[in-house]
Amino acid sequence: MSLKISSAIEILKKHDLLVSSSVSDENLEVNNISYNSKEDQTNGIFFCKGNRFKAEYLDQAIKNGAKVYVSEKEYSKDIDRLIVKDASKALALLSAKYYGNPENDLFIVAFTGTKGKTTTSYFLYDILSRAYPKQVGLFSTVDRIVGPDPKDKFKSDLTTPESMELFRDMRRCVDNGLKYLVMEVSSQAYKKNRVYGLKFDIGGFLNITPDHIGPNEHPTYADYLNCKKQLMINSKVNIINRQTNDYDTVYAAAKETSDDKDIYRFAQSEVGDTDFSIRNKESNLNDSVFTFTAESDKAEDLQEHSEYTYKLGLVGDFNELNAGAAIIAAKKIGVKNELIAESLKSAFVPGRMEHINTKEHGTIFVDYAHNYASMNALLSFIRREYPSSKIKVVVGSPGDKGVSRRAGFAKVLTELADSAILTTDDPGFEDPADICKQIDDKIDHTKVEVKTILDREKAIRTMIESSNNDDIIVLAAKGNDAYQKTKGVDVPYPSDPVVAKKILKDIEG
Ligand SMILES: CC(=O)N[C@H]1[C@@H](OP(=O)(O)OP(=O)(O)OC[C@H]2O[C@@H](n3ccc(=O)[nH]c3=O)[C@H](O)[C@@H]2O)O[C@H](CO)[C@@H](O)[C@@H]1O[C@H](C)C(=O)N[C@@H](C)C(=O)N[C@H](CCC(=O)O)C(=O)O
Ligand SMILES: Nc1ncnc2c1ncn2[C@@H]1O[C@H](COP(=O)(O)OP(=O)(O)OP(=O)(O)O)[C@@H](O)[C@H]1O
């Protein structure tokens, strides 16, 4: 991989990002790119970016071999430099070029939404992998898959990677023979210009509710919405949940760059003015059956049958909605209904509505729901489908972020749970006992029975041992995370599904 400095200058000028350049040899071709001074920078281009950047990082990068740096400030006159208006935008554009513009060789489908990005991405990844074996990549919060070999699958650090890693991993996808990429795009990705300049073949907008607002994330809801809707502006074909909050704003964003014929709307209830409708036919604790109906001419054109019935192996009405978005994307790519149906029937998403049937202790769901909106969607679904079951929840809230989730959990537990055990979930630098107390203080104890057990494994054991076959236990918010983020360290934790299965083995054999 390489980048010629003259070409970098040309790209920066084209995007009106170049403020000044001080370059001794425009023909220099760098073959190293980095924004982390600790790495080897031999014959490299180094990017000074981020609020916490310090001048000494550049000194270290120069010592480590950097030949050129890109920055919003002139920190040093010791090496060649390109001074730019925005270093994160420059990083995205120049990384794409450095890695040989792999995005041009991939059909990219991206999903955004406050909730459902991971689930929908896995649904579509599975569908496309059946239709086009060994040709599909996945960039999700859980895993990044850059090739067909098991060694090409690894855990993600961010939902949407930093632009440099994004283009690096797209390059790996292309080199490994992949043709399709399914990815999640977080609002932060737009806020931090991780996907700057990237055009998506298909973009899906699932929903938006107030979340991710606070220090280090978005200052206001308006800023959050503005970042999220960028996916619609930057997608050729748009898939939009007709029932999302701020639908008019999202639709207008899609219209900025796409014709009506390239915008597909879908809805779960009779809202009218939609292209597809999803209607639940039946559901149980293992799967749900729903019809997917074309409601407009362009929707008719996309499907072989104007109505098709799917069985989804992941319960929750919100998952039918996620499936709807994946179905439209798959249809647009040309996958047949039968193949989509086969895939959805056996859908599995790590840590999302994973269910464990017990012999004598009810049904256990492990689910990543970790704010009011997602817990409300989850517990309302269970309450509606199983009105006579007791809903028992084990949950904690993380430290150092998302403080509003604590009041959200108190509210949703009061409204919908029968009993709860509050426990530890990624306490960071906070005391988990304080976090649990903050949740507990806001719960109406006349409506829900609450205990605090800080040891998460003990909390799960206590809940399982005290439950019987009519109960539904929800192990919430941690999904299948195999760590507890504690004081800056990822302390290993076996994960909720593993813990629950081990306890069941102990007590049920
Ligand atoms: C707020 C935010 O998005 N921050 C991200 C961003 O940091 P930044 O550009 O501001 O950089 P910084 O942390 O100020 O550091 C300054 C620079 O100094 C460099 N450095 C630092 C130390 C050193 O010795 N040498 C050196 O060169 C660093 O490499 C960095 O380039 O760029 C970093 C990578 O370049 C990211 O790791 C970091 O994500 C942080 C860790 C994060 O957790 N972000 C969360 C909020 C996030 O993005 N979440 C969304 C999902 C949200 C959702 O669910 O919707 C996501 O997409 O994952
Ligand atoms: N469409 C939806 N609407 C509301 N809640 C949902 C929806 N889809 C999933 N959920 C709930 O949210 C949880 C997280 O789902 P998922 O991981 O797919 O979303 P995400 O957008 O990737 O989340 P995050 O950004 O927090 O990683 C699920 O475990 C489920 O409880």
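FYI, the numbering just counts along the sequence from 1. Whatever order the structure lists ligands and atoms in, that order sets their numbers, starting from 1. Keep in mind that what you see is a predicted model, and the values were worked out from it rather than measured.
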Walk me through it: do Asn245 and Tyr221 pass the test side-chain hydrogen bond (donor to acceptor under 3.5 Å, both in side chains)? CA-CA 12 Å; Asn245 289 335; Tyr221 176 76; 5.0 Å; no
Kindly determine whether Glu457 and Lys478 satisfy salt bridge (charged side-chain N to carboxylate O under 4.0 Å, His left out), including the steps that lead there. CA-CA 12 Å; Glu457 294 190 46; Lys478 200 140 188 63; over 6 Å; no
Glu295/Ser277 under side-chain hydrogen bond (donor to acceptor under 3.5 Å, both in side chains): CA gap, chis, key distance, verdict: CA-CA 7 Å; Glu295 307 281 4; Ser277 293; 2.8 Å; yes
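Ionic pairing of Asp273 and Arg265 is present here: one or more N-O contacts between side-chain nitrogen and carboxylate oxygen are shorter than 4.0 angstrom. With respect to the salt-bridge test (charged N to carboxylate O, under 4.0 angstrom), the residues Arg172 and Asp152 do not qualify. In this structure, Arg352 does not pair ionically with Asp367, as no charged nitrogen and carboxylate oxygen lie closer than 4.0 Å. Ion pairing of Glu165 with Arg194 is absent here, as no side-chain N (NZ or NE/NH1/NH2) approaches a carboxylate O to less than 4.0 Å.
Among all non-hydrogen protein atoms, the one lying nearest atom 44 (N) of ligand 1 is Leu158 CD2, 3.9 Å. From the protein, the heavy atom lying nearest to atom 23 (O) of ligand 2 is Lys115 NZ, 3.5 Å. At the shortest separation from atom 15 (O) of ligand 1 among protein heavy atoms lies Arg52 CB, 4.2 Å. Summary of contacts: the protein heavy atom closest to atom 10 (N) of ligand 2 is Phe318 CD1, 3.6 Å. The single protein non-hydrogen atom nearest to atom 19 (O) of ligand 2 is Gly116 N, 2.8 Å, given as residue, atom name and distance. Regarding atom 25 (O) of ligand 2, its nearest protein heavy-atom neighbour is Lys117 NZ, 2.7 Å. Scanning the protein for heavy atoms near atom 1 (C) of ligand 1, the closest one is Asn216 O, 3.4 Å. Nearest to atom 22 (C) of ligand 1 among the protein's heavy atoms is Tyr57 CZ, 3.3 Å. Protein heavy atom closest to atom 25 (N) of ligand 1, with residue, atom name and distance, is Ser37 OG, 2.8 Å. In terms of protein heavy-atom proximity, atom 47 (C) of ligand 1 is closest to Gln188 CG, 3.7 Å. Closest to atom 19 (C) of ligand 1 among all protein heavy atoms lies Tyr35 O, 3.6 Å. Closest protein heavy atom to atom 27 (O) of ligand 2: Tyr368 CE2, 3.4 Å. Scanning all protein heavy atoms for the shortest distance to atom 52 (C) of ligand 1 gives His212 CE1, 3.6 Å.
Taking a cut-off of under 4.0 Å to the non-hydrogen atoms of Ala369, the atoms of ligand 2 that pass are 13 (C), 29 (O), 31 (O). Annotation for ligand 2: atoms under 4.0 Å from non-hydrogen atoms of Arg352 are 16 (P), 17 (O), 29 (O). For ligand 1, the atoms closer than 4.0 angstrom to any heavy atom of Asn51 are 10 (O), 14 (O). Ligand 2 places these atoms under 4.0 Å from at least one heavy atom of Asp367: 28 (C), 29 (O), 30 (C), 31 (O). The ligand atoms of ligand 1 that sit less than 4.0 angstrom from a heavy atom of Glu162 are 32 (O), 34 (C), 35 (O). Within the listing of ligand 2, atoms 1 (N) sit less than 4.0 angstrom from a heavy atom of Leu321. Set against the non-hydrogen atoms of Asn207, the atoms of ligand 2 under 4.0 Å away are 1 (N), 2 (C), 3 (N). Near Phe53, meaning under 4.0 Å from any of its heavy atoms, are these atoms of ligand 1: 16 (C), 18 (O).
Heavy atoms of His370 found under 4.0 angstrom from ligand 2 belong exclusively to the side chain. At a heavy-atom cutoff of 4.0 Å, ligand 1 is contacted by the side chain of Lys192 but not by its backbone. The side chain of Glu184, and not its backbone, has at least one atom closer than 4.0 Å to an atom of ligand 2 (non-hydrogen atoms only; side chain from C-beta on). Under 4.0 Å from ligand 1, the heavy atoms of Lys38 that appear belong solely to its side chain.
Between Leu181 and Glu103 there is no side-chain heavy-atom pair separated by less than 4.5 Å. Taking 4.5 Å as the limit, some side-chain heavy atom of Asn371 sits within range of a side-chain heavy atom of Thr114.
Paired with Arg456 under the rule salt bridge (Lys or Arg N to Asp or Glu O under 4.0 Å), one option of Asp481, Asp426, Asp496 passes, and it is Asp496.
Taking a 4.0 Å cut-off on heavy atoms, Thr114 registers as neighbouring ligand 2. In this structure, Met164 has no heavy atom closer than 4.0 Å to ligand 1. Proximity of Leu206 to ligand 2 is not established, as no heavy-atom distance is less than 4.0 Å.
Remark: among candidates Val349, Asn322, Thr119, the nearest residue to atom 8 (N) of ligand 2 is Asn322, based on non-hydrogen atoms. For atom 11 (C) of ligand 2, the nearest non-hydrogen atom from the set Ser121, Ser374, Ala373 belongs to Ser374. Here the shortest heavy-atom distance to atom 3 (O) of ligand 1, taken over Arg194, Lys115, Glu56, belongs to Arg194. Nearest residue to atom 22 (O) of ligand 2 from Asn319, Thr120, Val142, Thr118 is Thr118 (criterion: closest heavy atom).
Between the side chain of Asn226 and the backbone N or O of Ala222 there is no donor-acceptor pair closer than 3.5 Å. Without hydrogens or angle criteria, Gln268 side chain to Asp317 main chain gives a donor-acceptor distance under 3.5 Å. Here the side chain of Arg383 pairs no donor or acceptor atom with the backbone of Leu378 at under 3.5 angstrom. Panel note: side chain Lys345, backbone Ala341; no donor-acceptor pair is recorded below 3.5 Å. Here the side chain of Asp400 pairs a donor or acceptor atom with the backbone of Phe429 at under 3.5 angstrom.
For the residue pair Tyr372 and Glu415, a side-chain donor N or O sits within less than 3.5 Å of a side-chain acceptor on the partner. With hydrogens and angles left out, the side-chain atoms of Glu184 and Thr118 include a donor and acceptor closer than 3.5 Å.
Of the polar atoms of Thr159, none of the N or O atoms is found under 3.5 Å from an N or O of ligand 2, judged by distance alone. Distances between N or O atoms of Ser187 and those of ligand 1 include no value under 3.5 Å. Among the atoms of Lys49, some N or O lies under 3.5 angstrom from an N or O of ligand 1. Residue Gly351 has no N or O atom closer than 3.5 Å to an N or O atom of ligand 2.
Between Phe276 and Phe292, the ring planes are parallel. Angles under 30° get that label, and only those over 60° would be called perpendicular. In this structure, Tyr310 and Tyr308 have tilted ring planes: the angle between them lies in the 30° to 60° band. Classification of the Phe381-Phe318 ring pair by plane angle, with boundaries at 30° and 60°, yields perpendicular.
Remark: atom 56 (C) of ligand 1 lies closer than 4.0 Å to at least one protein heavy atom.
No more than 12 heavy atoms of other residues, nucleotides or ligands shown are found within 6.0 angstrom of NZ on Lys77.
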